[in-house]
Protein chains: 2
Amino acid sequence: MSVQERKQRERAERERLIVATARELAAEQGWDAVTTRRLAERIEYSQPVLYSHFRGKREIIGAVALEGAAEMAAALRAATAAADGPRARVAALARSYLDFAERNPPVYDAMFQLDGGLAFASEDTPAPLKDAFAALLEGLGDAAGDDVHPALFAEVFWAALHGLVTLTRAGRLPPEEAERRVDLLVDRLALV
Amino acid sequence: MSVQERKQRERAERERLIVATARELAAEQGWDAVTTRRLAERIEYSQPVLYSHFRGKREIIGAVALEGAAEMAAALRAATAAADGPRARVAALARSYLDFAERNPPVYDAMFQLDGGLAFASEDTPAPLKDAFAALLEGLGDAAGDDVHPALFAEVFWAALHGLVTLTRAGRLPPEEAERRVDLLVDRLALV
DNA sequence: GGCTCGATCCTAGCGCCGCTAGACAAGTGG
DNA sequence: CCACTTGTCTAGCGGCGCTAGGATCGAGCC
């Protein structure tokens with residue numbers, strides 16, 4: 001069986017290569033430049049090979065999004081763990097979120113802007129996505145206050161962060177004021 | 001000169017037809033279905049005619065976005081004018097914004113999700129876009145509080161609303177709770 | 001060791017996209 | 001009546017996502 005196992009390993013390896021290359025290409029030249037032809041050329045296989053791993057381009061985007069979700073969850077947890085006190089924790093969470101989006105624009109796009117064909121709010125939502133939201137929920141802790149359901153609070157807080165990311169990226173919000181916006185958001189929304 | 005004037009009128013009329021048809025097609029089948037070929041067929045002209053009015057597809061999307069911005073500005077002003085008291089005004093503004101996005105998904109997408117080639121935060125930002133933000137700013141009035149610049153406050157409030165729209169559309173936030181989220185946003189963010 | 005056969009991968013191509021060059025008809029001014 | 005501008009169309013370019021069908025190659029059996 002060793003031969004089959006080796007083949008499976010190689011296959012999995014190649015799948016990782018595809019996702020990593022797609023991400024790399026997107027980081028260098030944007031998602032528009034990520035075409036199946038270019039991607040195939042970079043991994044030094046022909047186009048149809050991509051389709052033996054993924055149903056189509058959407059699924060490749062989705063794979064990048066899942067990778068990103070896992071990384072974001074880790075980043076959020078690391079940031080909140082290092083913070084001291086409730087307010088600092090919420091602020092660190094917010095900064096960490098914005099920071100992640102700024103450092104990985106194509107990954108963030110894959111997660112929220114592009115169609116990666118991922119189910120979001122259903123039972124078959126992929127685990128990494130659920131976990132990223134869980135990390136958000138943990139970090140916010142009891143900043144929701146007694147009169148508001150924590151999940152609802154997390155949703156609104158998340159929406160605000162996501163809006164900041166989107167509008168900043170669109171060139172609508174000058175980056176210099178980012179810090180002040182985070183302060184405003186944390187000071188007013190969170191009860192800490 | 002009458003002949004030339006008539007021609008100009010007809011030309012302007014056809015341009016409106018193009019934009020309206022693009023919007024209609026997007027509303028019926030989504031922006032993916034808005035191709036230059038289909039659009040040309042619907043207006044009963046050939047493809048190149050589109051390019052005598054717009055530089056390309058992006059500009060057509062941009063035109064729909066501008067139309068949408070003007071409508072949104074009007075909707076926001078109407079909603080805030082009808083509201084009584086500062087808190088009601090802010091709440092009406094928020095509901096009106098979300099309502100607009102829900103009623104006109106493709107238009108909202110043209111404004112904020114797609115690339116319409118519009119300059120956003122510079123001196124040559126088209127007037128309708130500036131005006132829409134102005135309407136937002138007016139509606140929020142002095143809900144910013146004394147310690148926060150009104151424009152900065154408007155940006156954050158807007159970002160939160162935009163995030164709610166995006167995440168709701170992505171299926172991430174259940175629509176039933178929309179009202180409660182608006183309440184949370186208004187109660188905490190606005191000082192009224 | 002030679003052969004069969006299934007897995008694996010590639011070449012070629014389909015239908016569609018955004019966009020444009022160049023032919024052609026219609027209307028205007030001399 | 002003719003030259004010419006203006007407006008529109010036909011046809012086609014390069015590139016897209018995706019797939020059918022043929023070639024190749026290595027594993028497993030006699």
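Quick note on labels: first sequence line is chain A, next is B, and so on, each numbered from 1.
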Any chance you could list the contact pattern along nucleotides 10-15 of chain D? Use B for base contacts, S for sugar-phosphate-only contacts and - for none, protein heavy atoms under 4.0 Å, 5' to 3'.
B-B---
Excluding sequence neighbours, so at least two apart, what forms salt bridge (charged side-chain N to carboxylate O under 4.0 Å, His left out) with [X]?
| X | result |
| --- | --- |
| B:Arg23 | B:Glu67, B:Glu71 |
| A:Arg11 | none |
| A:Glu176 | none |

Specify the separation, in whole Å, of atom [atom1] of [X] and atom [atom2] of [N].
| X | N | atom1 | atom2 | result |
| --- | --- | --- | --- | --- |
| A:Leu39 | D:dC16 | CG | C1' | 14 Å |
| B:Glu41 | C:dG18 | CD | P | 13 Å |
| B:Glu10 | D:dT6 | CD | P | 17 Å |
| A:Leu50 | C:dC9 | CG | C1' | 12 Å |
| B:Tyr51 | C:dA21 | OH | P | 12 Å |
| A:Tyr45 | C:dC9 | OH | P | 6 Å |

Which residues pass the side-chain hydrogen bond (donor to acceptor under 3.5 Å, both in side chains) test with B:Glu10, sequence neighbours left out?
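B:Arg6.
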According to side-chain hydrogen bond (donor to acceptor under 3.5 Å, both in side chains), who are the partners of B:Thr36, at least two apart in sequence or on a separate chain?
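side-chain hydrogen bond (donor to acceptor under 3.5 Å, both in side chains) check on B:Thr36 returns B:Gln47.
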ring-ring contact (aromatic ring centres under 6.0 Å, His included): pairs with one or both residues in residues 161-192 of chain B, sequence neighbours excluded
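The answer is B:Tyr108-B:His162, B:Phe112-B:His162.
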What pairs meet the ring-ring contact (aromatic ring centres under 6.0 Å, His included) rule with one or both residues in residues 131-152 of chain B, with sequence neighbours excluded?
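Passing the test, one end in residues 131-152 of chain B: B:Phe133-B:Trp158.
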Sorted by number, the residues of residues 52-66 of chain B with heavy-atom contact under 4.0 Å to DNA chain C:
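Hits under 4.0 Å, by residue number: B:Gly56, B:Lys57.
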Within the structure, does a side-chain N or O atom of A:Thr36 lie under 4.0 Å from either OP1 or OP2 of D:dG17?
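Yes, A:Thr36 has a side-chain N/O under 4.0 Å of OP1/OP2 on D:dG17.
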Listing request: all salt bridge (charged side-chain N to carboxylate O under 4.0 Å, His left out) pairs with a residue in residues 149-164 of chain A, at least two apart in sequence or in separate chains.
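As it turns out, the salt bridge (charged side-chain N to carboxylate O under 4.0 Å, His left out) pairs with a partner in residues 149-164 of chain A, which skip direct neighbours, are A:Glu155-B:Arg181.
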Please name the pair of heavy atoms, one in B:Ala73 and one in B:Ala132, separated by the smallest distance, quoted to 0.1 Å.
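Closest approach of B:Ala73 to B:Ala132, heavy atoms only: CB-CA, 3.8 Å.
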DNA chain D contacts made by residues 11-32 of chain A, counting heavy atoms under 4.0 Å:
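Going residue by residue through residues 11-32 of chain A, none turns out to have a heavy atom under 4.0 Å of DNA chain D.
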Return a table of donor-acceptor pairs under 3.5 angstrom between the side chains of residues 58-66 of chain A and protein atoms on other chains or two or more places apart.
| residue | atom | partner | partner atom | Å |
| --- | --- | --- | --- | --- |
| A:Arg58 | NH1 | A:Asp115 | OD2 | 2.7 |
| A:Glu59 | OE1 | A:Arg55 | N | 3.0 |

State the CZ-OG1 distance between B:Arg16 and B:Thr21, to the nearest 0.5 angstrom.
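Result: 12.0 Å between the selected atoms.
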